Amino acid sequence: MNSQLEVHKVTVRYGAFTAVEDVSLTLEKGQIGCLLGPSGCGKTTLLRAIAGFERVAEGSIALHGSVLSTPRQQVAAEQRKVGMVFQDFALFPHLNVRRNIAFGLSHLDRRARRARVEEMLALVSLTDYAQAYPHELSGGQQQRVALARALAPNPEILLLDEPFSSLDSELREQLAGEVRELLKQNGVTAILVTHDQHEAFAMADRVSLLHRGRIAQSDTPYNLYHNPANEFVAEFIGHGSMVSATVDAGGELSQGLGSLDRSHGHWEPGEHLRLLVRPDDVEYEENSRTRLRVVGKAFRGASYFYDLLLPDGQRVPCLTPSHIDVPLGGELPIRFNLQHVVVFAPPRERTAD
Ligand code: ATP
């Protein structure tokens, strides 16, 4: 067991309810993982089990080679070398920045404590704010104090529970990127919990997408997007639509979708396919004869996000520059570019090509 964190077949129950089931994941030293998923999928429960706040009903959790949780043995939360950053930062309002950061360092003598606090202040670029109180700081600054406080005792792993969710949405992705840099530069192993995939992608090396307490896919952000393991992952990641289509005698897909290239496999006429169509698979093309009705439209500044109707009533998304302004009910000329589309095979045995 060389991994920094090893979660092995963990199940967590609340009475008769199973919140996390048979979950395994590992993180190497310095890796950043993410538990991503919709509300209620078990992210926080798993994080709390790693922190030592919930018992495991089955499986085990080990940190840096020491087993911390099994159904029979539970190392207390305060004895685990785990740092936590919470959604609301949980700073002490009556302590200034320096004293907030020093909070978990009572085991050090005064000089060592002072040196460590200075180091942490510099790490999060808050040396000039050492005397400030939390209410005098911006949300982003408070979050950096929380981070410095969690990192000060030099934990084996940092657990971040929705650390950006109380911040402005504009700021979130930027901060996630900044925090990633900081953790990477310092070789900190960390796990982030979030329901926001942009945050997950901006920060994590590996993302575990949870669905009803189980891992739907654990992978790099790139693979989650481009090679989703199942339809749940496909629909959760990115803004795609699952579209059903049939292959005709000439190899063309119904609904005017066009044809798939050979890299997607060989499909027999009459076969029913499920395609994950993402906005980047539907391109605006001024002179196209394929025109789809606009049934939804959202202004995104630089772009419009359109919801378009296929002939049989299914919907596909399309992103255009925002000067392409077609009213609701109007028709948008488009071209399908199915090169990168994700195809889900019908439930029968297939050959790859
Ligand atoms: P959110 O994003 O909404 O915080 P989550 O993915 O973090 O959701 P959890 O908080 O882990 O989800 O909850 C998973 C499931 O366990 C939910 O159905 C929740 O209602 C249930 N649950 C959580 N805590 C308890 C508890 N203390 N007692 C009973 N059930 C609980």
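We use all heavy atoms of the structure for the numbers below, so side chains are in, but hydrogens, waters and symmetry mates are not. Every value quoted in this text rests on a predicted model; they were computed, and no experiment measured them.
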A.B. asks: Is the number of heavy atoms from other residues, nucleotides or ligands within 6.0 Å of CZ (Arg335) greater than 12?
C.D. replies: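 Correct, the count exceeds 12.
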A.B. asks: Distance only, no hydrogens: is a donor on one side chain within 3.5 Å (strictly under) of an acceptor on the other, for His135 and Gln142?
C.D. replies: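 No donor-acceptor contact under 3.5 Å links the two side chains.
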A.B. asks: Could you walk me through whether Asp205 and Lys184 pass salt bridge (Lys or Arg N to Asp or Glu O under 4.0 Å), step by step?
C.D. replies: CA-CA 10 Å; Asp205 301 308; Lys184 283 282 164 191; 2.7 Å; yes
A.B. asks: How about Gln255 and Asp312: does a side-chain donor come under 3.5 Å of a side-chain acceptor?
C.D. replies: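 Note: Gln255 and Asp312 side chains meet the donor-acceptor criterion.
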A.B. asks: Has the side chain of Gln74 got a donor or acceptor atom that lies under 3.5 Å from a matching backbone atom of Val56?
C.D. replies: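 Checking the backbone N and O of Val56 against the side chain of Gln74, no donor-acceptor pair under 3.5 Å is found.
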A.B. asks: Tell me whether Lys297 forms a cation-pi arrangement with Phe305, defined as NZ or CZ under 6.0 Å from the six-membered ring centre and within 45 degrees of its axis.
C.D. replies: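 Checked: cation-pi criterion not met.
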A.B. asks: Is there a donor-acceptor pair closer than 3.5 Å between any side-chain N or O of Glu118 and the backbone N or O of Ala115?
C.D. replies: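 Pair absent, no side-chain N/O of Glu118 close to backbone of Ala115.
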A.B. asks: For side chain to side chain donor-acceptor pair (under 3.5 Å), just list the numbers for Arg315 and Ser241, CA-CA rounded to whole Å, side-chain angles, deciding distance to a tenth of an Å, and then say yes or no.
C.D. replies: CA-CA 7 Å; Arg315 294 175 177 212; Ser241 299; over 6 Å; no
A.B. asks: Does a side chain donor of either Arg80 or Ser69 reach within less than 3.5 Å of an acceptor in the other side chain?
C.D. replies: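 Short answer, yes.
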A.B. asks: Quick check: does any side chain N or O of Gln4 sit under 3.5 Å from a backbone N or O of Glu156, one acting as donor and the other as acceptor?
C.D. replies: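 Yes, Gln4 side chain to Glu156 backbone: donor-acceptor pair under 3.5 Å.
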A.B. asks: Keeping Gln143 on the side-chain end and Pro163 on the backbone end, is there a donor-acceptor pair under 3.5 Å?
C.D. replies: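 Yes.
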A.B. asks: Just by modelled atom types, is the Ser218 backbone N or O under 3.5 Å from a matching donor or acceptor in the Arg206 side chain?
C.D. replies: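 Yes.
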A.B. asks: Does a side chain donor of either Thr246 or His272 reach within less than 3.5 Å of an acceptor in the other side chain?
C.D. replies: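 Judged by distance alone, the side chains do pair up.
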A.B. asks: Can a donor-acceptor pair be found, under 3.5 Å and without considering hydrogens, that links the side chain of Thr70 to the backbone of Arg72?
C.D. replies: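 Looks like yes, one N/O pair under 3.5 Å.
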A.B. asks: Measure from the side-chain N and O atoms of Asp281 to the backbone N and O of Val277, and report whether any donor-acceptor pair falls under 3.5 Å.
C.D. replies: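 No, the answer is negative, given that no donor and acceptor are paired below the 3.5 Å cut-off.
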A.B. asks: Can you tell me how far apart CG (Leu95) and CZ (Phe103) are? Round to the nearest 0.5 Å.
C.D. replies: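 With rounding to 0.5 Å, CG (Leu95) is 8.0 Å from CZ (Phe103).
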A.B. asks: Just wondering, more than 12 heavy atoms not from Arg111 lying within 6.0 Å of its CZ?
C.D. replies: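 Open: at most 12 neighbouring heavy atoms sit under 6.0 Å from CZ of Arg111.
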A.B. asks: Rounded to the nearest 0.5 Å, how far apart are OG of Ser60 and NE2 of His8?
C.D. replies: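 The OG atom of Ser60 sits 5.5 Å away from the NE2 atom of His8.
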A.B. asks: Hydrophobic side-chain clustering at under 4.5 Å (ILVMFWY, transitive links): who's grouped with Ile237? Put none if nobody.
C.D. replies: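 Same cluster as Ile237: Leu36, Phe201, Val207, Leu209, Leu224, Tyr225, Phe232, Val233, Phe236.
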A.B. asks: Are Leu35 and Phe53 connected into the same hydrophobic cluster when the rule is that any two of I, L, V, M, F, W, Y join if their side-chain heavy atoms are below 4.5 Å apart?
C.D. replies: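 Cluster IDs for Phe53 and Leu35 match.
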A.B. asks: Measure from the side-chain N and O atoms of Asp219 to the backbone N and O of Asn223, and report whether any donor-acceptor pair falls under 3.5 Å.
C.D. replies: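 Judged by distance alone, no pair lies under 3.5 Å.
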A.B. asks: With Ser3 as reference, evaluate His64, Lys29, Glu28, Gln31 under the side-chain hydrogen bond (donor to acceptor under 3.5 Å, both in side chains) test and give the passing residue.
C.D. replies: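 Filter result, single survivor: Glu28.
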A.B. asks: Please determine if Arg13 and Glu21 form a salt bridge, counting it only when a charged side-chain N lies under 4.0 Å from a carboxylate O.
C.D. replies: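 No, this pair does not count.
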A.B. asks: Keeping Thr11 on the side-chain end and Asp22 on the backbone end, is there a donor-acceptor pair under 3.5 Å?
C.D. replies: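 Present.
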A.B. asks: Determine, for Glu58 against Lys9, whether the closest basic-nitrogen to carboxylate-oxygen distance falls under 4.0 angstrom.
C.D. replies: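 Salt bridge: no.
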A.B. asks: Find out whether the Lys NZ or Arg CZ of Arg149 is both under 6.0 angstrom from the six-membered ring centre of Phe92 and within 45° of the ring's axis.
C.D. replies: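 Geometry flag: set, cation within 6.0 Å and 45°.
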A.B. asks: Show the numbers, then the answer: is there a side chain to side chain donor-acceptor pair (under 3.5 Å) between Ser138 and Arg144?
C.D. replies: CA-CA 10 Å; Ser138 72; Arg144 272 149 51 201; over 6 Å; no
A.B. asks: Tell me if the CZ atom of Arg99 is crowded by more than 12 foreign heavy atoms within 6.0 Å.
C.D. replies: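 No, the 6.0 Å shell around CZ holds no more than 12 heavy atoms from other groups.
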A.B. asks: How long is the straight-line distance from OG1 of Thr320 back to CD1 of Ile334, given to the nearest 0.5 Å?
C.D. replies: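 If I round to the nearest 0.5 Å, the distance is 12.0 Å.
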A.B. asks: Are more than 12 heavy atoms from other residues, nucleotides or ligands located less than 6.0 Å from atom CZ of Phe299?
C.D. replies: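 Result for CZ/Phe299: enclosed.
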A.B. asks: Identify all side-chain donor-acceptor contacts of residues 44-51 below 3.5 Å with residues at least two apart in sequence or on another chain.
C.D. replies:
| from | atom 1 | to | atom 2 | distance (Å) |
| --- | --- | --- | --- | --- |
| Thr45 | OG1 | Tyr14 | OH | 2.9 |
| Arg48 | NE | Glu54 | OE2 | 3.0 |
| Arg48 | NH2 | Glu54 | OE2 | 3.2 |

A.B. asks: Going from OG1 on Thr127 to CZ on Arg98, what distance comes out if it is rounded to the nearest 0.5 angstrom?
C.D. replies: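 Here the rounded value is 8.5 Å.
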